[in-house]
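Keep in mind the model is a prediction, meaning the values are calculated, not measured. Note: hydrogens, waters and symmetry copies are ignored here, and every other heavy atom, side chains too, is used.
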Amino acid sequence: MSVTSTTTSKTSATGPGEASGRRGLPRGDRRKREFTTRRGLTIAAFMAPAAVFVAVFTYYPVLAGGQMAFRNWKLTDLTDTSWVGRKNFGDVFADPAWGTVLGNTAVWVLGSIVPQLLIGFALALWLRRRFRLRGLYQALIFFPWAISGFLIGILFRWLFNSEFGVVNDLLQKAGLIDEPIAWLADPKTAMVAVLIANIWYGVTFFTIMILAALQSIPDELYEAAALDGAGKARTLFQITIPYIRTTLALTVLLRVIWIFNFPDLIFGMTGGGPNNETHIVTTWMIKITQQGDYGRASALGLLVVAALLVFAVFFLMATREKKGARS
């Protein structure tokens with residue numbers, strides 16, 4: 001009797017559920033159809049304003065600026081915007097300042113990215129350790145990233161001022177120099193000054209990204225390495241760096257692109273002077289735009305986009321990990 005009742009109860013418990021599950025299939029199909037039609041149209045309707053906004057204020061200006069690179073587009077004579085083909089590109093390459101600007105850009109990128117990476121990596125390793133007031137130190141290190149680049153440029157322009165700048169005052173008190181140095185007026189020291197400012201500004205980004213990656217490394221790996229007798233150098237190069245390799249590669253890629261397109265700090269400090277000695281490609285492009293030659297400036301802009309695209313492709317190909325490697 002008990003076995004029969006138990007069997008009956010199991011049948012009553014599972015039978016309706018199975019029946020409801022079978023009956024629920026068409027309802028699930030209806031929900032799926034509703035998602036592909038009504039819900040899909042609803043999602044598209046919500047996304048449409050953002051898509052239109054991006055198309056109007058991003059893609060259309062890009063296309064319009066791209067076609068200006070092949071036209072005689074000057075504010076001094078808007079009646080003649082005829083098609084000139086590659087003439088604007090030829091004018092860019094023929095400009096006497098092109099070689100200086102190109103060399104400055106290479107120095108600007110390489111001279112900024114390498115110290116930023118090394119200092120940011122060291123700070124991230126230090127901040128990963130547990131010690132008192134670590135949160136305060138993190139806030140102080142991350143603070144510069146919240147300040148405008150142009151404002152940083154103005155700040156460092158005052159610091160490197162030849163008459164009452166803090167840098168000269170400290171160097172004189174330390175006995176390293178006998179008289180003030182005209183940092184921003186001397187072609188030999190102007191680029192050094194803007195590089196110091198950019199290194200100070202960009203270290204924060206590397207510290208943030210690398211610290212986040214370091215905190216994802218399991219402590220068990222370091223414990224196992226310590227048991228195997230691995231020293232700090234071996235642990236760094238065989239555990240830490242390989243584990244965060246992807247983060248390092250992407251961070252370097254982003255910073256190279258941003259530094260290449262970062263005219264704010266230079267404009268705040270030197271405006272590209274003296275004698276074009278601190279002009280990079282993007283600051284020089286802005287200068288040409290201010291002169292009213294939109295065609296040549298657009299040609300230079302297309303060259304910048306092409307160069308960054310080529311760099312990004314080759315950099316990602318060179319730094320991509322093999323299949324099955326740890327990310």
Side-chain angles (χ1 to χ4, degrees), residues 106-149 151-153 155-156 192 194-262 264-265 308-309 311-327:
V107 173
W108 170 251
V109 174
L110 294 176
S112 298
I113 199 71
V114 175
Q116 287 180 8
L117 173 60
L118 297 178
I119 299 173
F121 197 100
L123 288 175
L125 289 174
W126 176 58
L127 291 174
R128 189 180 185 273
R129 302 167 55 189
R130 298 182 181 276
F131 55 89
R132 289 187 59 186
L133 302 178
R134 184 177 69 165
L136 177 61
Y137 284 107
Q138 288 179 348
L140 292 176
I141 291 176
F142 297 163
F143 175 73
W145 196 248
I147 306 176
S148 165
L151 183 59
I152 295 294
L155 172 64
F156 272 87
V192 175
V194 295
L195 281 175
I196 292 174
N198 195 34
I199 292 170
W200 179 85
Y201 182 65
V203 162
T204 295
F205 180 76
F206 274 103
T207 305
I208 295 172
M209 299 296 292
I210 296 175
L211 178 60
L214 290 176
Q215 291 174 341
S216 68
I217 302 177
D219 294 332
E220 290 78 6
L221 293 178
Y222 292 112
E223 294 173 0
L227 292 175
D228 292 339
K232 292 183 178 180
R234 184 178 177 185
T235 302
L236 175 65
F237 289 101
Q238 293 189 3
I239 295 179
T240 303
I241 294 179
Y243 201 95
I244 64 172
R245 177 185 172 187
T246 301
T247 300
L248 290 175
L250 292 178
T251 305
V252 169
L253 174 62
L254 290 175
R255 282 304 295 158
V256 168
I257 294 174
W258 289 346
I259 291 173
F260 199 99
N261 291 295
F262 188 50
D264 311 36
L265 191 146
L308 291 179
L309 284 176
F311 167 77
V313 170
F314 279 97
F315 183 83
L316 291 176
M317 291 177 60
T319 57
R320 67 180 178 181
E321 297 193 5
K322 297 180 180 179
K323 189 175 181 180
R326 184 181 298 274
S327 58

(request) Would you check if Val256 and Phe315 make a side-chain contact, meaning some heavy-atom pair closer than 4.5 Å? (result) no
(message) Could you check whether any side-chain N or O of Ser112 sits under 3.5 Å from a backbone N or O of Leu195, counting only pairs where one atom can act as donor and the other as acceptor?
(response) no
(request) Search all heavy atoms of Val109 against all heavy atoms of Ile259 and return the closest pair with its distance. (result) CA-CG2, 3.9 Å
(request) Calculate, to the nearest 0.5 Å, the distance between atoms OG1 and CG belonging to Thr246 and Leu248 respectively. (result) 8.5 Å
(message) Can you tell me how far apart CD1 (Ile113) and CD1 (Ile199) are? Round to the nearest 0.5 Å.
(response) 10.5 Å
Return all side-chain donor-acceptor pairs below 3.5 angstrom for residues 206-224, not counting sequence neighbours, or 'none' if the list is empty.
from	atom 1	to	atom 2	distance (Å)
Thr207	OG1	Val203	O	2.9
Ser216	OG	Ala213	O	2.6
Asp219	OD1	Arg128	NH2	3.3
Tyr222	OH	Thr240	OG1	2.8

(message) For Tyr201, run the ring pair (Phe, Tyr, Trp, His ring centres under 6.0 Å) check against Phe143, Trp258, Phe156, Phe262 and tell me which one passes.
(response) Phe262
Side-chain donor-acceptor pairs of residues 119-126 under 3.5 Å, sequence neighbours excluded:
none

(request) May I ask you to test the Trp108-Leu265 pair for a side-chain heavy-atom distance under 4.5 Å? (result) yes
(request) Return the set of residues passing salt bridge (charged side-chain N to carboxylate O under 4.0 Å, His left out) with Asp228 (not counting sequence neighbours), or none when no residue passes. (result) none
(message) Quick one, Leu316 and Leu250 - any side-chain contact, counting heavy atoms below 4.5 Å?
(response) yes
(request) For residues Asp264 and Ile152, determine if any side-chain heavy atom of one lies less than 4.5 Å from a side-chain heavy atom of the other. (result) no
(message) Is it the case that the side chain of Asn261 and the backbone of Ile257 share a donor-acceptor pair, with hydrogens and angles ignored and the cut-off at 3.5 Å?
(response) yes
(message) Ignoring hydrogens, what is the shortest heavy-atom contact between Gly231 and Thr235? Give both atom names and the distance.
(response) O-OG1, 2.7 Å
